[in-house]
Protein chains: 4
Amino acid sequence: MVASSAGETRPLRADARRNRERILGAAGAVFAEHGPAASTEQVAERAGVAIGTVFRHFPTKRDLLQAIMKDLLARLTAEATALAADGDPATALFTFFARLVEQSANQKTVIESLTETGTDLPMAGAVGPFRDQIATLLERAQAAGAVRPGVRTDEVMALLAAQCQGALHGGWDADLRGRTLAIVFAGLRHP
Amino acid sequence: MVASSAGETRPLRADARRNRERILGAAGAVFAEHGPAASTEQVAERAGVAIGTVFRHFPTKRDLLQAIMKDLLARLTAEATALAADGDPATALFTFFARLVEQSANQKTVIESLTETGTDLPMAGAVGPFRDQIATLLERAQAAGAVRPGVRTDEVMALLAAQCQGALHGGWDADLRGRTLAIVFAGLRHP
Amino acid sequence: MVASSAGETRPLRADARRNRERILGAAGAVFAEHGPAASTEQVAERAGVAIGTVFRHFPTKRDLLQAIMKDLLARLTAEATALAADGDPATALFTFFARLVEQSANQKTVIESLTETGTDLPMAGAVGPFRDQIATLLERAQAAGAVRPGVRTDEVMALLAAQCQGALHGGWDADLRGRTLAIVFAGLRHP
Amino acid sequence: MVASSAGETRPLRADARRNRERILGAAGAVFAEHGPAASTEQVAERAGVAIGTVFRHFPTKRDLLQAIMKDLLARLTAEATALAADGDPATALFTFFARLVEQSANQKTVIESLTETGTDLPMAGAVGPFRDQIATLLERAQAAGAVRPGVRTDEVMALLAAQCQGALHGGWDADLRGRTLAIVFAGLRHP
DNA sequence: GATGAATGAGAGTTCATTCAT
DNA sequence: AATGAATGAACTCTCATTCAT
């Protein structure tokens with residue numbers, strides 16, 4: 001009987017937290033490689049735990065998927081925040097955009113996290129902060145004259161998601177990614 | 001009699017050909033609606049045939065998916081060809097591009113057909129002719145000064161695919177689709 | 001100190017005994033409500049202890065079920081004893097019978113405790129004392145002329161169990177319970 | 001069972017019907033022996049079919065249980081009808097009652113079928129006809145003076161269910177069954 | 001050729017039980 | 001003694017695929 005502070009998540013036992021992380025890691029890798037249709041058992045195996053352990057941490061496959069995406073979004077948001085803090089306003093947005101597309105060439109889950117609408121996984125507004133950072137990057141780029149004033153955050157998010165999905169499912173190589181991005185960036189710049 | 005791409009396809013019995021078509025139609029609809037995870041039995045039911053019949057025509061679910069995409073690509077190619085024949089060179093590419101993105105907002109299979117690489121479904125080069133038409137549209141647009149010279153077919157294909165996937169999985173509404181396309185089009189126009 | 005049925009039970013630590021009781025109470029409630037298929041974890045939660053504690057006290061779910069029934073039987077025996085001591089000989093049996101049936105309309109475990117044979121849970125003869133009290137009630141009722149001489153304890157036990165199970169699984173309302181009992185009581189009275 | 005006279009069940013293929021019957025038979029046996037908690041796989045094995053076949057015929061375990069009980073009830077109803085047709089009015093009810101209790105000493109499912117309320121398996125009123133036959137038997141017995149006028153069908157049904165459950169879960173032997181029934185019958189006869 | 005019943009390998013999920021903390 | 005995380009067998013159910021009719 002642990003006095004559970006009326007809060008939400010009570011501090012997990014050391015081993016539990018370690019496992020939780022291993023599972024998240026494994027799930028990230030497995031789903032990135034085989035898509036969300038990959039089996040939970042694969043995740044368990046990769047994490048080196050029994051299947052029951054996965055389900056103890058994430059009562060449903062859905063929950064696992066959700067957790068993974070939240071996690072990913074949080075990391076991306078941090079990255080964007082960092083860029084907003086000390087990147088060159090004129091290029092930060094482009095840099096981030098390109099970097100993200102780069103990543104998703106290897107991830108099968110990235111994109112879905114960018115589209116709260118697209119998935120039916122409610123992730124408790126974890127997209128919000130991310131979107132906010134994109135908005136910041138956008139404003140700065142516009143202030144620096146690097147992006148046409150009319151462009152809105154919506155479109156940037158949409159283009160980001162589309163490029164990522166394209167890069168992923170299309171299997172674009174680095175060169176093609178670069179040239180495609182160049183076009184999109186030009187579009188953001190000119191009327 | 002019928003031009004058959006591969007070796008020994010014998011002329012099908014009339015009812016067999018009719019069934020083949022009904023299955024393809026049903027599969028198109030079903031997979032468009034529920035994604036490729038939809039069950040083959042649903043397809044059979046929608047086509048009004050028994051499950052065995054589906055498997056006689058397409059020995060594998062994979063084969064069915066493949067056939068569907070070939071079919072779709074053929075239709076798209078025809079559309080592009082028509083535009084190349086009598087559309088305005090300056091706008092035909094854009095028109096086609098926009099039309100396709102529009103469609104995929106409702107289709108769940110379209111995009112995958114655009115990326116022979118992305119899918120693991122080899123479709124015997126059915127992408128070739130499609131790509132050729134896109135190339136034609138592109139050249140004309142460039143000749144008409146509507147697209148910057150440096151742009152290659154590759155990028156156009158890639159952007160097309162990306163936009164379609166975005167439109168589909170992102171659930172973009174008509175407005176967002178329009179604004180996103182505007183940016184991409186501007187990118188194609190300006191250096 | 002405590003009268004313990006089996007061999008070498010050492011006097012439990014105070015908190016241990018308290019826990020044991022809380023578990024028994026919780027188990028009684030949970031199994032009464034959801035039947036024996038309810039999960040042990042539910043019991044633990046209701047008792048406010050960890051699952052490990054439940055298994056420390058009752059190494060097996062079976063053991064827990066068993067203990068619960070012994071417990072219940074003991075309570076019933078006490079009740080019967082009280083009635084035998086100061087109830088009206090002519091009606092005490094009937095009163096007790098009716099009361100028990102009444103209870104089992106709300107309990108999902110009661111009945112099984114009445115049938116040592118029926119369950120595969122050996123309960124170390126805890127039925128014995130209970131049965132003895134029923135026998136007493138019966139003898140008195142017969143002495144008072146309220147029950148036909150030929151009736152034996154066996155049948156009374158059997159009828160009791162049957163009525164309880166009927167009341168429980170059949171979902172009889174108070175009225176039906178009354179009328180059904182009336183018939184059984186009449187049967188006990190007349191040849 | 002019966003040639004599907006009712007509703008829209010289309011005539012099953014010969015092998016399908018054979019399997020359906022084998023599954024029902026197996027399920028009857030398995031559930032009778034181990035109770036409704038027995039696994040569907042056991043049923044499949046006993047029926048000599050693959051697990052998928054069981055689920056093709058009965059999409060849910062629930063459905064299987066339901067079917068079994070409907071089946072059983074139909075058989076019992078037929079039996080009761082026969083007795084109503086050519087049995088001795090004075091004894092037919094008792095005969096049937098006794099026979100049923102006898103059976104349920106070996107069946108683990110019988111009883112539940114008698115209590116539409118008790119189970120949460122809706123069986124489309126299959127209890128109705130059965131109940132009607134019991135009512136008939138009862139009326140005749142009352143007309144013949146073998147049962148007290150005040151007794152209603154409700155109570156008879158309830159007693160029947162209770163006795164069956166008792167016989168089943170209590171593991172009564174033939175002798176005890178006889179003596180218990182004698183008491184109940186006496187109760188039905190006398191005020 | 002068409003039919004649709006049968007197959008059986010998995011998938012997600014639960015839960016009694018064990019054991020490190 | 002108590003805790004609660006980990007285990008893994010078992011269960012229900014799905015679906016691509018095969019094959020007797």
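To find a chain, count down the sequence lines: A is the first, B the second, and so on, and within it residues start at 1. The figures here come from the full heavy-atom set of this structure, side chains too, leaving out hydrogens, waters and symmetry mates. This one's a predicted model, so the numbers in the text were calculated from it and none came from an experiment.
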* Asked: Within a radius of less than 6.0 Å around CD of D:Gln42, do more than 12 heavy atoms belonging to other residues, nucleotides or ligands occur?
  -> yes

* **For F:dA20, the Watson-Crick or wobble counterpart (both distances under 3.5 Å)** => E:dT3

* Taking the side chain of D:Arg13 as its heavy atoms from C-beta onward, which of F:dA20, E:dT17, F:dT18 lies nearest to it? -> F:dA20

* Structure fact -> Rounded to whole Å, the CD-P distance (A:Glu45 to E:dA11) equals 11 Å

* Considering heavy-atom distances to DNA chain E, does B:Gly48 or A:Ala37 have its closest nucleotide positioned more toward the 5' end? -> B:Gly48

* For D:Thr53, report the nucleic acid contact type (base, sugar-phosphate, nothing); a contact means any heavy atom under 4.0 Å. => base

* Asked: Hey, does the side chain of A:Thr40 come within less than 4.0 Å of E:dG12's phosphate (OP1/OP2), counting only N and O?
  -> yes

* Asked: Which nucleotide sits closest to the side chain of A:Ser39: F:dG4, E:dG12, F:dT7?
  -> E:dG12

* **Value in whole Å for how far the P atom of F:dA1 lies from CD1 of C:Ile51** => 18 Å

* **Under 3.5 Å: donor-acceptor pair, side chain of B:Thr60, backbone of B:Asp63** => no

* At under 4.0 Å, does any side-chain N or O of C:Asn19 touch on OP1 or OP2 of F:dA2? -> yes

* Asked: To the nearest Å, how far apart are A:Arg18 CZ and E:dT21 C1'?
  -> 11 Å

* Asked: Would you say E:dG1 has OP1 or OP2 under 4.0 Å from some side-chain N or O of B:His57?
  -> no

* Asked: Atom CZ of D:Phe55 to atom P of E:dA11: distance rounded to whole Å?
  -> 17 Å

* Structure fact -> From CZ of A:Arg56 across to C1' of E:dA16 the rounded distance in Å is 13 Å

* Asked: Are any side-chain N or O atoms of D:Lys61 and backbone N or O atoms of D:Ser39, one a donor and one an acceptor, separated by less than 3.5 Å?
  -> no

* Asked: Could you give the CZ-to-P distance, from C:Phe31 to E:dC15, as a whole number of Å?
  -> 12 Å

* Structure fact -> C:Lys61 has its side chain closest, among E:dT17, F:dC13, E:dG1, to E:dT17

* Within this structure, what is the CD-to-P distance between A:Glu41 and F:dA10, rounded to whole angstrom? -> 14 Å

* Hey, which sits more toward the 5' end of DNA chain F by its nearest nucleotide, B:Gly52 or C:Gly52? => C:Gly52

* Counting only Watson-Crick or G-U wobble pairs whose two distances fall under 3.5 Å, which nucleotide matches F:dC11? -> E:dG12

* Asked: At their closest point, which heavy atom of D:Ile23 faces which heavy atom of D:Ala47, and how far apart are they?
  -> CA-CB, 3.9 Å

* To do: Decide yes or no for A:Thr40 and A:Phe58: does some side-chain heavy atom of the first lie under 4.5 Å from some side-chain heavy atom of the second?
  => no

* Atom CD of C:Gln66 and atom C1' of E:dA16: how far apart are they, to the nearest Å? -> 16 Å

